[in-house]
Amino acid sequence: MHDDRRITEVRLHRFVRERIDPAVYSRSLPLTLSSWDVPDEPVPALEAMRQHFRPQEQGALWGKPWGTKWLRLQGEVPESWGTEPDTTVEVLVDLGFTIEVPGFQCEGIAWRPDGSIIKAVSPRNQYIPLKLLGGGMAVDFYVEAAANPDVAQGWTFAPTPYGDKTTAGEAPQYRLGSIAIAELNQTVWELRQDIWTLGGLMVELPVELPRRHEILRALERMMDLMDPDDVAGTAAAGREALAEVLGRPAYASAHQLVATGHAHIDSAWLWPVRETIRKCARTFSNVVALMDENPHFVFSCSSAQQLAWIKESYPELFSRIREKIRGGQFVPVGGMWVESDTNMPGGEAMARQFVEGKGFFLAEFGIECREAWLPDSFGYSAALPQIVKSAGSRWFLTQKISWNQTNKMPHHTFNWEGIDGTRIFTHFPPVDTYNSELSARELAHAERNYRDHGRGTVSLVPFGYGDGGGGPTREMLAAASRTADLEGSPKVRIGSAESFFTQAEADYPGLPVWVGEMYLELHRGTYTSQAKTKKGNRRSEHLLREAELWCTTATVRTGGTFAYPAAELKRLWRLVLLQQFHDILPGSSIAWVHQDAERNYQAISDALEAIIGQAAAAALGGGDRTFLLNAAPHARDGVPALAAAEPVAHAGGVQAVARGAGYILDNGVIRAVVDAGGLISSLVDHASGREAIAPGERGNLLELHRDTPNEWDAWDIDEFYRRNVTRVTQAASLRLIREGSDAVVIVERLAGDSTVIQRISLAAGSPSLSITTSVDWQEREKLLKLGFALDVRAERSAAETQFGHVFRPTHTNTSWETAKFEICAHRWIHVAEPGYGVAISNSSTYGHDVARTIRDSDGGTTTTVRLSLLRAPKFPDPEADRGLHEMTVSIRPGAGIAEAVEEGYRTNLAPRLVRGASPVEPLFSVTNRALVIEAVKLAEDGSGDVIVRLYESLGQRSAGRLSVNFPVHGIGAVDLLERPVDAPGVKAGPDGAELVLRPFQLVTLRFTRSVSLALN
């Protein structure tokens, strides 16, 4: 037989385009429009409806960037419309949509005159059923139209002014399309779905397979039978022609797909938070309307923050969502406050994502999520399995690892083992998207791509338009129905994430294991972009630590006279957690988002400083003695950990002498030589007498790189950046000053067009050299690194992560190590050989790289540690990072892991000197410095119980005693949500607990006081 496939396929495309699609709506009638333009920021619906609406032309230009236009739609439905079988009446609203990028352009939401939401309108979901309007044959309702600009611009990554209201301009962005009453022919619509499913399946099947040709001939018969001049009248016959091939059951061995409705709504990204709130309302109203028509439809909704916004701003919609949750259709998932980044948030912040997220879902809906849901975050910390398990969850889902540039994950379903040995059942959907349309191409890819065939048989498909929201559509549900049991296709079942995980656990025993971090081989620039946002995050995390510690201390020590500000601390925690969303903290959002974040961080700082001041005053009492509040978990200047006492001055001072054009600084603990270029040419700790700087090399070396990634500017650092570098070795000026007993060398220099001032300081008794770098950053598409070339043969680096650290090889033996040319560390990074190491800590930096070379001169190894200080990407914020910055780095020679941990806290918790009457004893003390107290707070339930969270920090089995220094009548281990659990290695006594913890074990303890406490 002649091969006429291509002829028939082209015929089909044209038949659908010119005959079927126009016949879905057989007739339409324009509506009468009037409108009101909101002068600036959005207003509530009832306020908008009270404004004066002027006549509005159809087809008119509208919408300055980020503006809002309210439209009033009025008209009458002709009596004969919707009376024929299989016809219904809908209103179609085209705000000027383009079909390609739903969620990244204008959007609207329909409102009844009483202020209740109907549903949203978007590029691929433009209809509003007449029956939802509630006015019989009369049409009278409103559409709130948002003129969100297309910041993406076709993903060219070109600089755009649209990310900042002050530069976005006033030019209209859109032209209204047809806004009309229309009559839907249900049979034609169903036929269109049949064709979409079968046509898509056909082209995915091998040419050699008979099934492909059977579908082709069925589609051909359908076109032959139908009258192109009477599509509505012959659509039933067309459907009948397809019934047989559409009814063929799937192969017995077909892969199973659990499809769960989804709308990955970025809490901020190419739009500000204020617009995300409206995106949530649009998406969730669509979902609820779809549920009303489809009782088997299930939607998975992550991010407690987004539902909290709906509760506050759209209470009527929230009530409808609550009903769907009770009915099991609208299913909260993830149990986090937001879908956060997981590389950079500190340990306590990562824990609080689950405390606040799961707490909200439990309080509002009585539902506990059992899965962590992070489809789009940029890599996954090796600490996560333990944190997830400690929150009472048992499963983990991600999608983003499919974006790896170099290596493919070997499994799609596996156990993920974290730094402490905790394992969690993990799924990585082989469909390779969290925004599936349930197209035949996507379903076939999921089946072909699944890497666990022969062991597992089921995977998950999150479906619905996402990123900018929108969610599932009725067309997607039609596709799911048709592929439930269809020959040549995987079997699709709509269900919840929980139902998938339960099935997958039973389906796939003896799981393979992935150990350690799931490093994303992409988006490495997110460790560095938008440095002020990152600095605000780090500072806020430590201020919250201080505030909770001193408020708890004041409440306990004053017998409850000081009222613990629980509500305010919760509000501030939630605001910090929001900023940790995976497009805010990583620095990959528009300027508006980061301006908001910086304002939020300043407000957080102001509020927490006030709280700390009030708590300190209450705890210390009024007086003129000077006390050091030591919130660190280690003693400092003679003050015990977690205590307030008078600091003890270090004996001796710092010798500072000129050496040529440079200086030698020596405090008897370490000795540093600063050369004429302001670089560190020597660094020796007197205890070992060993030189830390490699022969002929330098520390404190600034290097300026060209930074022009292939795409995803704010996200990516590409490996080739290293081939273009300018070493900043000259100083414009160098001078020595004294600040009390400290010696400070001030270095001024230029890096490109940017002024750099560095303060290299050595304090009396300090085991580390501190370098504060101030930069007036005026570069574009440049990367500034700060490096230390160390005489250490380090086969691996240790980088702090949540509640521990992660080791990474310094070699590049395999493609997996080679891909990690930029890595994330929290407060410190450590490199060592047996018997000697160097720790480098930082105040706000996350991006690092570690490389090693062998010296020709002596055969020794130089291990170079560099911190990524600043970038200057041009998309999506063309002014990213330009301006003033200040960062502090310390370097400690002769340091082990324990010293690195201590240095990290020391660099991030600046000495807090206050006046008062009497010292304050710490509430808790620990006998082994390996056991680090991360948080001290009052219990979430308002009982007044005291909560302590601590972890083993050295990566080894560690034993010690945690003593409590106030009266208690009960001590018990709890999970992150403060519910009783069994904790291995914890033996509680009447006044403390004996601890024998495995490496990096996380423990939360609850101390029940003998008296109740006052809470605010």
Side-chain angles (χ1 to χ4, degrees), residues 347-348 386 390 419-420 545-546 548-550 552-553 556-557 628-648 687 765 767 798 800 803-805 827-828 830 839 892 895-906 909 919-937 945-974 981-1009:
E348 188 60 24
Q386 180 174 208
S390 297
I419 55 174
D420 71 309
R545 172 193 173 91
E546 290 188 85
E548 289 186 330
L549 169 66
W550 300 125
T552 303
T553 301
V556 172
R557 293 299 181 216
L628 171 65
L629 297 183
N630 181 18
H634 311 98
R636 186 169 191 172
D637 295 339
V639 179
L642 315 181
E646 292 175 299
V648 176
E800 188 189 32
F803 304 119
H805 53 271
R827 293 170 292 201
W828 57 265
H830 180 263
R892 182 165 176 170
I897 294 290
E899 289 74 29
V901 173
E902 179 180 339
E903 201 64 34
Y905 281 100
R906 183 181 299 273
L909 287 167
V920 178
E921 184 184 14
L923 298 181
F924 301 95
S925 56
V926 182
T927 60
N928 184 345
R929 67 174 180 168
L931 306 179
V932 171
I933 293 177
E934 183 69 7
V936 177
K937 60 186 282 291
D945 292 353
V946 179
I947 302 295
V948 171
R949 193 149 22 251
L950 71 160
Y951 67 100
E952 197 290 316
S953 66
L954 304 186
Q956 63 190 36
R957 185 173 297 274
S958 297
R961 176 176 175 78
L962 173 69
S963 298
V964 55
N965 303 317
F966 59 90
V968 298
H969 68 77
I971 302 173
V974 294
V981 294
D982 292 326
V986 177
K987 184 178 180 181
D991 58 354
E994 300 293 334
L995 305 172
V996 181
L997 302 188
R998 68 179 183 271
F1000 303 126
Q1001 183 178 347
L1002 174 63
V1003 172
T1004 306
L1005 298 173
R1006 184 177 191 128
F1007 296 82
T1008 304
R1009 289 205 67 214

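Rounded to the nearest 0.5 Å, atoms CZ (F803) and OG (S390) are 8.0 Å apart. L1002 CG to D420 CG: the interatomic distance, rounded to the nearest 0.5 Å, is 8.0 Å. Put simply, CG on L909 and CG on L629 are 11.0 Å apart, with the number rounded to the nearest 0.5 Å. In this structure, CG on L995 lies 6.0 Å from CG on L950, to the nearest 0.5 angstrom. Note that the OG1 atom of T553 and the CD atom of E921 stand 10.5 Å from one another [nearest 0.5 Å]. Atom OG in S953 sits 10.5 Å away from atom CD in E902 (nearest 0.5 Å).
Between V974 and L1005 the shortest side-chain heavy-atom distance does not fall below 4.5 Å. Counting heavy atoms from C-beta outward, V986 and V1003 have side chains that approach closer than 4.5 Å.
Side-chain atoms of N630 come within 3.5 Å of backbone N or O of P640 as a donor-acceptor pair. Between the side chain of H969 and the main chain of R1009, a donor-acceptor pair closer than 3.5 Å is present. No donor-acceptor distance shorter than 3.5 angstrom exists from the side chain of E548 to the backbone of R545, with no hydrogens or angles considered. At distances below 3.5 Å, at least one donor-acceptor pair connects side-chain atoms of E952 with backbone N or O atoms of G955. Under a 3.5 Å cut-off, the side chain of S963 and the backbone N or O of G992 do not form any donor-acceptor pair. Of the possible polar contacts, one joining the Q1001 side chain to the R998 backbone as a donor-acceptor pair under 3.5 Å is found. The closest donor-acceptor contact from the side chain of D637 to the backbone of P647 lies at 3.5 Å or more, if one exists at all. Looking only at distances, no side-chain donor or acceptor of Q956 sits under 3.5 Å from a matching main-chain atom of S958. When atom types are taken as modelled, the side chain of E800 and the backbone of R827 share a donor-acceptor pair closer than 3.5 angstrom.
Across every non-hydrogen atom of Q386 and F1000, the tightest pair is NE2-O, 3.0 Å. In terms of heavy-atom proximity, T552 sits nearest to V946 at CG2-CG1, 3.9 Å. Of all non-hydrogen atoms in H830 and A895, the two that sit nearest each other are NE2-O, 2.7 Å. Minimum heavy-atom separation, A632 to Y905: CB-CB, 4.3 Å. What you find for D991 and I971 is that their closest heavy atoms are C-CD1, 4.2 Å. Summarising the geometry of I933 relative to P633, their closest heavy-atom pair is O-CB, 3.7 Å, with the distance given to 0.1 Å.
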Given side chain to side chain contact (heavy atoms under 4.5 Å, CB included), test I947 with V936 step by step and report yes or no.
CA-CA 6 Å; I947 302 295; V936 177; over 6 Å; no
Does V948 form a side chain to side chain contact (heavy atoms under 4.5 Å, CB included) with E934? I'd like the steps, not just the answer.
CA-CA 8 Å; V948 171; E934 183 69 7; over 6 Å; no
Going through the distances and angles, do L549 and L642 end up as a side chain to side chain contact (heavy atoms under 4.5 Å, CB included)?
CA-CA 8 Å; L549 169 66; L642 315 181; 4.0 Å; yes
Does the pair V926 and L931 meet the rule for a side chain to side chain contact (heavy atoms under 4.5 Å, CB included), with working shown?
CA-CA 7 Å; V926 182; L931 306 179; 3.7 Å; yes
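With F966 as the aromatic partner, R557 does not meet the cation-pi criteria of under 6.0 angstrom to the ring centre and within 45 degrees of the ring axis.
Looking only at atom types and distance, the side chain of R949 has a donor-acceptor partner in the side chain of T1004 under 3.5 Å away.
Taking a cutoff of 4.0 Å between a charged side-chain nitrogen and a carboxylate oxygen, K937 and D945 do not qualify as a salt bridge. Under 4.0 Å is where a charged nitrogen must lie from a carboxylate oxygen, and between E899 and R892 no such pair does.
Between F1007 and F924, the ring planes lie tilted relative to each other; the angle falls in the 30° to 60° range.
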